[in-house]
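Structure, as structure tokens:
These values consider heavy atoms only, across backbone and side chains, with no hydrogens, waters or symmetry-generated copies.
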Amino acid sequence: MTRTPNIRQESDSYAVTAEFYDILQADEDEARVRRLYGREIAGARSGVLDIGAGTGRVTMLALADSWADVHAVEPARAMRTSLLTRLATLPAEQRDRVTVHPHPLDETALHAVADVAVCHNMIGCLPPAVRGRLWSAISRALTPGGSLFVQLPPARLPVRTVVRLLTDKRVGAHVYGGRMTMSAAGYRIRTRADYWVRTADDMLREHTETFWMWPATRARLVGELAPHGFVPLPGRADSELLAVALRGRR
């Protein structure tokens, strides 16, 4: 008897950004990932859970610096394609330790698979109600005593428009560039990503993608996590990072 496959609609968000992310932002992000999570990932025993894996900076660090299994959760097809392309170049020993999940964590059946979980550069993209489902799913996916590390989103709405120009990168005869523009829009942050490809004389292509973010303070996130069994880890005062541990059985 042939089973009907469980086909779900996939996210096509980041379809533009996926082309430009690695060339324009990955080097800086790789250094940030190692600084924020490197020690904890290297000490993982049962597994590393990379939530919102993107093109794979946390996943690649976990495969290189630990012997633990890795679960990379990435619902966006464009980002997941880049991630899988990167994984395809790895030795079989590393590929055998990583499973890529194409749906949000709360739609997976992961239970006690990891002692380290990372939410890097993604919590700000989730509305509060979705964050609540995520915290519950993480508490199920972690082993008791496991740790969760969350890169903090903006704590408040920007009071004025903020523009960040990305450093140009040359690929052969073409130069890739971009900028990120953040502005307040009601209770959300509108983030517009503009990308371009040019030669020395001509603009070849221009693309734009818009994302929405929801600000949240450290205190608010700690309060949201508490009902799911998480408590702050002592001695972690990094302004970019929230570190919590799962206490007791659920």
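- Surrounding CH2 of W212 are more than 12 heavy atoms belonging to other residues, nucleotides or ligands, all under 6.0 Å away.
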Quiz item: Yes or no on side-chain hydrogen bond (donor to acceptor under 3.5 Å, both in side chains) for R77 and T81, after CA distance, side-chain angles and deciding distance?
Solution: CA-CA 6 Å; R77 176 182 288 179; T81 299; over 6 Å; no
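- Within a 6.0 Å sphere centred on CZ of R45, other residues, nucleotides and ligands contribute 12 heavy atoms or fewer.
- Atom CZ of R95 is separated from atom CD of E93 by 10.5 Å, given to the nearest 0.5 angstrom.
- A salt bridge links R32 and E28; the closest N-O separation between the charged side-chain nitrogens and carboxylate oxygens is under 4.0 Å.
- Each of V231 and L142 belongs to its own hydrophobic cluster when Ile, Leu, Val, Met, Phe, Trp and Tyr are linked at side-chain heavy-atom distances under 4.5 angstrom.
- Aromatic rings from Y14 and F211 are positioned such that their centres are separated by under 6.0 Å.
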Exercise. Give the C-alpha distance, both sets of side-chain angles, the deciding distance and a yes or no for side-chain hydrogen bond (donor to acceptor under 3.5 Å, both in side chains) between T143 and D115.
Key: CA-CA 5 Å; T143 57; D115 58 324; 5.5 Å; no
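- Within the 3.5 Å criterion, the main-chain N or O of R80 finds no donor-acceptor partner in the side chain of E74.
- Both V222 and V130 are assigned to one and the same hydrophobic cluster, defined by single-linkage of ILVMFWY side chains at heavy-atom distances under 4.5 Å.
- Taking the charged nitrogens against the carboxylate oxygens, R205 and E19 do have a contact shorter than 4.0 Å, which makes a salt bridge.
- Under a 4.0 Å N-O distance rule, the pair R35/D238 qualifies as a salt bridge.
- Linking ILVMFWY side-chain heavy atoms closer than 4.5 Å, directly or via other members, places L90 and L84 in a single hydrophobic cluster.
- The CD1 atom of I123 sits 5.0 Å away from the CG atom of L134 when rounded to the nearest 0.5 Å.
- Side-chain contact annotation: H120 with D50, donor-acceptor N/O pair under 3.5 Å absent.
- When each of M213, R192, R190 is checked for a side chain to side chain contact (heavy atoms under 4.5 Å, CB included) with M182, only M213 meets the rule.
- Within a 6.0 Å radius of CZ in R34, no more than 12 heavy atoms belonging to other residues, nucleotides or ligands are found.
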Donor-acceptor contacts, no H, no angles, side chain residues 163-181, under 3.5 Å, sequence neighbours left out:
unit_1: D168; atom_1: OD2; unit_2: R198; atom_2: NH2; d: 2.7
unit_1: K169; atom_1: NZ; unit_2: I23; atom_2: O; d: 3.3

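- Closest of all the heavy-atom pairs between L49 and A141 is CD2-CB, 3.7 Å.
- Residues Y195 and T17 bring a donor and an acceptor atom of their side chains to less than 3.5 Å of each other.
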Self-check item: Criterion side-chain contact (heavy atoms from CB on, under 4.5 Å) on L157 and I189, from CA distance to verdict
Solution: CA-CA 6 Å; L157 296 169; I189 300 171; 3.8 Å; yes
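- Across every non-hydrogen atom of R97 and A68, the tightest pair is NH1-O, 2.7 Å.
- Side-chain atoms of S82 and R86 include no donor-acceptor pair closer than 3.5 Å.
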